[in-house]
There are 2 protein chains.
Amino acid sequence: MNELTISLTPKKGHPMYEQIYNYIRDEIQKGSIKAGEKLPSTRALSVHLGVSRSTVDMAYEQLLAEGYMASIPCKGYYVCEIDQLYKLPPAKAEQEETKEAKSPKYPYEFTMNGIDKDGFPYNIWRKISKNVLNEDDGTLFQLGDSQGQESLRKEIAVYLHHARGVNCQANQIVVGAGNDYLLLLLHVMLGMKWKIAMDNPTYISAYKAFEKMGYQVCPMEPDDKGMDPEQLKLGEANLAYVMPSHQFPLGSVMPIKRRQELLSWAAEGEDRYLIEDDYDSEFRYKGKPIPSLQGFDSHDRVIYLGTFSRSLAPAIRISYMVLPKRLLKQYEKQAKSFSVTVSRVDQKILEVFLRDGHFERHLNRMRGIYRAKHDCLLNELRSIHDICRVRGENAGVHIVIEMKNGMNEQEAVRRAKDMGVRLYGLSDYCIKPLEKRGIPTVLMGYASLKEEEIKEAVSRLKKAWSGF
Amino acid sequence: MNELTISLTPKKGHPMYEQIYNYIRDEIQKGSIKAGEKLPSTRALSVHLGVSRSTVDMAYEQLLAEGYMASIPCKGYYVCEIDQLYKLPPAKAEQEETKEAKSPKYPYEFTMNGIDKDGFPYNIWRKISKNVLNEDDGTLFQLGDSQGQESLRKEIAVYLHHARGVNCQANQIVVGAGNDYLLLLLHVMLGMKWKIAMDNPTYISAYKAFEKMGYQVCPMEPDDKGMDPEQLKLGEANLAYVMPSHQFPLGSVMPIKRRQELLSWAAEGEDRYLIEDDYDSEFRYKGKPIPSLQGFDSHDRVIYLGTFSRSLAPAIRISYMVLPKRLLKQYEKQAKSFSVTVSRVDQKILEVFLRDGHFERHLNRMRGIYRAKHDCLLNELRSIHDICRVRGENAGVHIVIEMKNGMNEQEAVRRAKDMGVRLYGLSDYCIKPLEKRGIPTVLMGYASLKEEEIKEAVSRLKKAWSGF
């Protein structure tokens, strides 16, 4: 074939070369120009169509690049064989709406992962954001250290030492976008040789993460001091996930003796570790915070996990882990090649926020806000002390309610729902049904509710649970 | 013991209860007060010390919470047994500096993952950041959808359709902080039953990620069209990682026939997928971009990976994957519980950036910037065309140089280094030594260099490589 009659129309946004390309491609796709057929030379086609040769060159290059034709030296251009042709379907006028089953909203939601919306230091955060962006010379937009920037890690190390008694250097800290991500990184780092002991009930999203990663999880029912080291010794677990400062969701604080026993258990094995999830240790209403397990660990066996999602805002996707020194080589070898997941802009904002004392002030303020809500809730609940008993107070932003009027957990949750109050059954946080604990228990997270809402909600609970 | 003489000094920052707590704790730690000993009642101690009873109560509560003593009903407070005591070591005056082997800097670095620093749209990005933060009512600081916000995913779907011919709905998109993270998520989602075919050489960080996750990777030496489906059929791989638009690092573009063969290979197996990494398809200097493999896939077998790290800035940790519809259930079941890794503030900024056409304008601008550098580099290299041949041009931000003066790769890289020019040997991107390809090859990433620097660097290369 030496002639192709293509009707070209000068049209904005449709360059000549593209019209030629489209025409030839369509002809090949329709089979009008067959595989093996020779196409006109660029010179011949440009003369034929009355366009410049470079226009035809461009169209041919595109067709060559996409494989519609091939160039055979000294012979010319030939149509390639294409078994089966695909065309892009036309753009859809509208995206289908995502169908997601939204859970119903209740007027009084005692959600377990809420925060006080007004408590977030918007103005400071915005101000630092602006300064950071204004002062930046472009380096913030370069990919940084896969562990997180050293200057941020240093600030975190200082904070952790003062506030949590954690002993670490900046090179032991790995910054990541959320705890789930850090658990993924640990998974890649440590491999599959782990059986993981977890409290039952526990922080269910960590359990889900371990389960999805394929680990065998050994659920252990804690007593009122937390995970029982005796039980741990009898089992096969070589990694224990614990929350000594404030067990989630039961709210117990692990006594020092128990902590030492856990550390001894870890130190006794060749390859045993404790993951200490210190998720909400910032909020404690009586006395000063209890130092972390990591701070007592002289055998280098604790992997400490912390987050700013709880203390600042869930959308601030910045968590960190402190690795024991003995795992640093393994981190370098197995996980250091995974790029950092927190943007350097956010890292810088947080660094300044910590460095200039804003975080400390923020925590003190939040402690006040949460303490007031906590006291209000406890005070209101006194009016139904014959129906239920409060546990796990003094810390965190949720409390544990034990039913003592014979109502079971499902019934208590359902009746509360009927009155527009959403609280959560303990079994939502269980890996498997509890064996020892027989008391029906529900959980109330109060962080996101206002005091008036708490008062109204408890008066509704009174109606919901009375006269059973 | 019924008396404890504690010297209390009124001191700011050291409340009375803390002094009492500290004293008793230290005495227990030193062994001066022994396990099993009875402590004075709170009433007795408060009278003895002349402080209020609530002060002593607080100290005791802390000691109880930390497990130094126990309260026995109707009997009083007793010191607990503590096998071995740990104390927090004093704060270190200074953090040890992280010791990291920094690689030496060269005046002319043809890095493979650089970007043009001045090209980043700082002003627009800052402006949108400020608006987003100013207009926010607090919802941006709540944890959002684990897939990324739907409004952002819709913008990405529209962009992908127009620019890359990708056919997808917002519910097929998962937003994540970088490709490494998305590969981790795929790993959790798909499990371990995969043998992964990868080009050799390839994008080495994806290879490392798969390797660290424990997958068997089958390296396949591509021909000039990319991965060979015939080789794929002979092997055991059931997942193939391909870069049809621009193979990294060789720069080849996969012809349409080859694409169809790959899609057929995937469609023929019960459970086979293609991962299409479309890492830098935005930058193409001749003709229009070649549509994605995903757009031709009528069997729902392509997992499409894209990133804004390349096109915007590496520190913008926003990547995304488009899942085939058949994998959506598995995503829901296995991976949806992992919280999103990109902050909602960043998601919102990007959404506005896309929605208001800034991204399109940015890409057009960058294409111009990179094209100029590309043309400059190619033009300069003409002066050493007797020494080396250029390949993989026309797209991306790096080129492939084949040595034809008998110099091997190591020698070419070393001699360039000696002249202050850093470029990279092809073997840095190889999973194992190449069998077929015999030509010594080096790679030059030119995105971060200025034109004058490119000119000077090439004149140095000329000296480095001449007279061999």
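Sequence lines set the chain letters: A, B, ... in the order given, protein chains first and strands last, and positions in each chain run from 1.
- The 12-atom threshold is not exceeded at NZ of K127(A), counting heavy atoms of other residues, nucleotides or ligands nearer than 6.0 Å.
- Heavy atoms of I115(B) lying under 4.5 Å from chain A belong exclusively to its side chain.
- Counting non-hydrogen atoms of other residues, nucleotides and ligands closer than 6.0 Å to NZ of K208(A) gives a total of 12 or fewer.
- Interface remark: S339(B) contributes backbone and side-chain atoms alike to the contact with chain A (heavy atom separation under 4.5 Å).
- Take Y207(B) and apply the ring pair (Phe, Tyr, Trp, His ring centres under 6.0 Å) test, not counting sequence neighbours, and it matches no residue.
- Interatomic distance, CG of L133(B) versus CG of N123(A), reported as 10.5 Å (0.5 Å rounding).
- Contact annotation for I316(B): only side-chain heavy atoms (C-beta onward) come within less than 4.5 Å of a heavy atom of chain A.
- At a 4.5 Å heavy-atom cutoff, N179(B) makes no contact with chain A through either its backbone or its side chain.
- Residues R317(A) and V342(B) have side chains not in contact (no heavy-atom distance under 4.5 Å, counting atoms from C-beta outward).
- Heavy-atom pairs under 4.5 Å with chain B were tallied for W125(A), F120(A), Y181(A); the largest tally goes to F120(A).
- Between chain A and the options G178(B), S337(B), S205(B), heavy-atom pairs under 4.5 Å are most frequent for S337(B).
- Looking at K225(B), neither its backbone nor its side chain comes within 4.5 Å of chain A, counting heavy atoms on both sides.
- The part of M254(A) that comes within reach of chain B is its backbone (N, CA, C, O), which places non-hydrogen atoms under 4.5 angstrom from that chain.
- Of the listed residues (V253(B), N113(B), V345(B), N134(B)), the one with the most heavy-atom contacts under 4.5 Å to chain A is N134(B).
- The salt bridge (charged side-chain N to carboxylate O under 4.0 Å, His left out) check on K212(B) picks up nothing, with sequence neighbours excluded.
- At a threshold of 4.5 Å between non-hydrogen side-chain atoms, the residues M213(B) and L184(A) do not count as touching.
- Interface remark: F338(B) contributes backbone and side-chain atoms alike to the contact with chain A (heavy atom separation under 4.5 Å).
- Distance check, rounded to the nearest 0.5 Å: OG1 of T341(A) to CD1 of I318(B) gives 12.5 Å.
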